[in-house]
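Since this is a predicted model, take the numbers as computed values, not measurements.
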Amino acid sequence: MNALTSRDVLRPGKKGIARWIGGRVFALMPYAFAFFRRWKPVVKFGGMTLTSRYDDVKEVFGTDPVFGTPYKAKLDVIMGGEPFFLGMGDTPLYHRDTDAMRMVVLPKDLPELGRKVEAMAEAIVAAAPGRVEVVDTLVRRVTFSVLADYFGVPEPKGGDLRVWGTRLFEFQFADPKGDPALRADVDQIAPALRAHIDAEIAARKATPGRDDVLTRCLALQKKGVPGFSDVEIRTNLMGFIVGGPPQPPMVVPQAMEQLLRRPKELAAAQAAARAGDDDLLWGYVVEAMRFDPLAPGLPRNVLVDGVIARGTAHQAEVKAGDTVLAAFASAMMDPRRVTDPARFDPHRPASDYIHFGYSLHQCFGRHINRATLHLMLKPLLKRVNLRRAPGGAGRLVKNGPFAESLTVVFD
């Protein structure tokens, strides 16, 4: 089975001792971050510089002329050389393209997206015989179904959008060593997804469809609004598919795992779900994510010689060509800016969280996340006697950076 027809969302992960070592590394990372925050907030490992304190992480994210995103080269592979704003600096084209997408991804859509997510999650849980696998059966299924429908990108004939989107996400964000086997998959999937979206654009022109992001793009194209050529529409829709739906199946099951580790907080989150207090439920889910976020940090390329934490006792020079890892997982545990960070607190101010980045390249879909992530778990949390499944199935299993499986049961 080739990459285009595969139904295996995740590639085979490490086995045996290699998987155990990888798990230990991730388990020990919070302790390493605590050490670095205290004793060496900016530390260099060859050409890579780790920054671990809240203020320094935000400084890196907020200083785009010095610390640029490293995504362009791989985006060029995915997009066929067409520019996508995630790979751009603070340029007029970046602002034109992001402004264009804000004309079609609208705040008024958020309540309906939330309703659709909750309704689909409820249908899945209601049909389950008291046992649900959270990662794929619930969260991945809901995310790709609702968001792909919203963007206007249907399932490819003979393919699986979950596989295509996740494989391209892995290549873009989780392939630091350049795995040749993954690149071979990408060389099949990327042109196929481009062709699939091109065909959908042509079909929509011939037979206009319902209201979704693609329909809105084509309406603005008709009006001659810049940023809405066929190629630009395709590139942006691809960017949304690659950068958006693969993420909730990583972070939402991890949040569920964190709640399962804390019976008191799990019970309180369930009470919020049953009471329909969605804002409070969001507080429990986003706080759970703080204890196991999407990634330890995000890389940035040093574009020109600069200084991190200038004027502090730990200021450090960085040289053009270096890489900085802005460890936002560490920053959200920094007691200098986050009150009592080891305590689980669902009422924290939004400023404590850097889940979705900060400044210029803050996640474009963060408002969609805010409207939907907690509602993927809400129907499950409403169930009575929610608990881990017996044995290994009831423990979160990871495949590299990806959540792979977690099964819960209920009465």
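Between R194 and D198 there is no salt bridge, since no side-chain N of the basic residue sits under 4.0 Å from a carboxylate O of the acidic one. Using a cutoff of 4.0 Å between basic side-chain nitrogens and carboxylate oxygens, K378 and D278 are scored as salt-bridged. For R183 and D187, the salt-bridge test passes: some basic side-chain N is under 4.0 Å from an acidic carboxylate O. Contact check on E122 versus R383 returns a salt bridge, with a Lys/Arg side-chain nitrogen under 4.0 Å from an Asp/Glu carboxylate oxygen. Taking 4.0 Å as the cut-off between side-chain N and carboxylate O, R216 and D109 count as a salt-bridged pair. Between E257 and R388 a salt bridge is recorded (basic side-chain N to carboxylate O distance below 4.0 Å). Salt-bridge formation is detected for the pair R290/E287: a Lys NZ or Arg NE/NH1/NH2 atom is positioned less than 4.0 Å from an Asp or Glu carboxylate oxygen. By the 4.0 Å N-to-carboxylate-O rule, D334 lies too far from R53 to be salt-bridged with it. Using a cutoff of 4.0 Å between basic side-chain nitrogens and carboxylate oxygens, D55 and R337 are scored as salt-bridged.
Cation-pi geometry between K40 and F35 is not satisfied (NZ or CZ under 6.0 Å from the ring centre, within 45° of the ring normal). Cation-pi contact between R262 and F291: present, with separation from the ring centre below 6.0 Å and deviation from the ring axis of at most 45°.
If you check the side chains of N369 and H355, you find no donor sitting under 3.5 Å from an acceptor. In the model, T215 has a side-chain atom that pairs as donor or acceptor with a side-chain atom of R204 under 3.5 Å. Using a 3.5 Å distance cut-off with no hydrogens or angles, the side chains of R37 and S330 do pair a donor with an acceptor.
Distance alone, capped at 3.5 Å, places no donor-acceptor pair between the D8 side chain and the R11 backbone. At distances below 3.5 Å, at least one donor-acceptor pair connects side-chain atoms of S52 with backbone N or O atoms of P41. Between the side chain of D99 and the backbone N or O of R96, no donor-acceptor pair lies under 3.5 Å. D64 contributes a side-chain N or O that, together with a main-chain N or O of D90, makes up a donor-acceptor pair within less than 3.5 Å.
Scanning all heavy atoms of the two residues, the minimum distance from V104 to Y150 falls at O-OH, 4.1 Å. Nearest heavy-atom pair, F328 versus A295, reported as atom, atom and distance to 0.1 Å: CZ-O, 3.2 Å. Looking at every heavy atom in both residues, G394 comes nearest to L406 through O-CD1, 3.5 Å.
Taken from OG1 in T91 to CZ in F85, the straight-line distance is 12.0 Å, to the nearest 0.5 Å. For the atom pair OG1 of T407 and CD of E133, the computed distance is 5.0 Å after rounding to the nearest 0.5 Å.
Heavy atoms from other residues, nucleotides or ligands lying under 6.0 Å from CZ of R210 number more than 12. When the shell of 6.0 Å around NZ of K177 is examined, it contains 12 or fewer heavy atoms from other residues, nucleotides or ligands.
Remark: of the listed residues L373, V135, V117, L373 is the sole one forming a side chain to side chain contact (heavy atoms under 4.5 Å, CB included) with P248. When each of L182, L193, L10 is tested with R167 by the rule side chain to side chain contact (heavy atoms under 4.5 Å, CB included), just one qualifies, namely L182. Screening R19, K14, R140 against E404 for a salt bridge (charged side-chain N to carboxylate O under 4.0 Å, His left out) leaves a single residue, R19.
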Evaluate the criterion salt bridge (Lys or Arg N to Asp or Glu O under 4.0 Å) for residue pair D56 and K58; output intermediate values, then yes/no. CA-CA 5 Å; D56 302 340; K58 278 201 165 183; over 6 Å; no
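Here the two rings, on F364 and F240, have centers that are under 6.0 Å apart. For Y94 and H361, the gap between ring centers is short of 6.0 Å. Ring centroids of F173 and Y71 are separated by less than 6.0 Å, placing the two rings close together.
Applying the salt bridge (Lys or Arg N to Asp or Glu O under 4.0 Å) rule to pairs touching residues 393-402 yields D292-K398, sequence neighbours excluded. For residues 392-411, there are no ring pair (Phe, Tyr, Trp, His ring centres under 6.0 Å) pairs, not counting sequence neighbours.
Inter-residue side-chain proximity for P253 and L396 is flagged as met; some heavy-atom pair is nearer than 4.5 Å. Inter-residue side-chain proximity for F169 and Q247 is flagged as met; some heavy-atom pair is nearer than 4.5 Å. Looking at D185 and F171, their side chains never come closer than 4.5 Å, going by heavy atoms from C-beta outward.
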